[in-house]
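For reference, the structure is listed below as structure tokens.
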Amino acid sequence: MHTTTTRAQDLIDLAHRHLAAAAAAARARTSDPVAGHTFAAQVELVAATLPPPSRPTDPIPPRAARLVHHLLAAITALDTIDPLDGPADLPLCAWHVHELARIARTQNDTTGTP
């Protein structure tokens, strides 16, 4: 069994916080609440593929940050982890976050949702 280094776990914790904030931002969308809740569920599903956080996570308050910004911050945290320091499926987890960010950018540019 592979153990995650402390630095990698800290970055995973940060990614969890940004993903929780992204899910909250998706749910807060008033233009299409059904699409917002659906996208939030997808974000939470991706977050569940990561190793669990080392401590309880409080989402970063959404403030003025958009959903896509939280997804990009999560990507940055995951991409910073050396592949040998993180879990074996880290590249797959990061790819899922990349895809959600791509979808969020595309949807936001064309329809305003998510």
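Rounding to the nearest 0.5 Å gives a distance of 7.0 Å between CG of Leu92 and OG1 of Thr49. Atoms NE2 and CD1, from His98 and Ile103 in turn, are 13.0 Å apart once rounded to the nearest 0.5 Å. Rounded to the nearest 0.5 Å, atoms OG1 (Thr5) and CG (Asp82) are 8.0 Å apart. Put simply, CG on Asp89 and NE2 on His96 are 9.0 Å apart, with the number rounded to the nearest 0.5 Å. Taken to the nearest 0.5 Å, the CG atom of Asp10 stands 9.0 Å off from the CZ atom of Arg7. Rounded to the nearest 0.5 angstrom, Phe39 CZ and Leu67 CG are separated by 5.5 Å.
Val68 approaches Ala101 most closely through the heavy-atom pair CG2-O, 4.0 Å. Between Asp79 and Ala94 the shortest heavy-atom distance is OD1-CB, 3.9 Å. Across Ala77 and Leu14, no two heavy atoms sit closer than the pair CB-CD2, 4.1 Å. When every heavy atom of Pro52 is checked against every heavy atom of Gln9, the shortest pair comes out as O-NE2, 3.2 Å.
The side chain to side chain contact (heavy atoms under 4.5 Å, CB included) search around Thr76 returns Thr80, not counting sequence neighbours. For Ala23, the side chain to side chain contact (heavy atoms under 4.5 Å, CB included) criterion is met by Arg27, Ala40, Val43, Glu44, not counting sequence neighbours.
Taking the side chain as every heavy atom from C-beta outward, Ile12 and Pro87 approach each other to under 4.5 Å. Taking 4.5 Å as the limit, every side-chain heavy atom of Arg66 sits out of range of all side-chain heavy atoms of Leu72. Contact of the Leu71 side chain with the His18 side chain is not registered, since no non-hydrogen atoms from C-beta on lie closer than 4.5 Å.
Although no hydrogens or angles enter the test, the distance criterion places a donor-acceptor pair under 3.5 Å between the side chain of His16 and the main chain of Pro51.
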Requested in this report: Take Asp13 and Arg55, measure what salt bridge (Lys or Arg N to Asp or Glu O under 4.0 Å) needs, and give me the verdict at the end.
Outcome: CA-CA 8 Å; Asp13 290 350; Arg55 53 195 167 275; 3.1 Å; yes
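Put simply, the residue from Leu50, Leu11, Leu19 that forms a side-chain contact (heavy atoms from CB on, under 4.5 Å) with Leu78 is Leu50.
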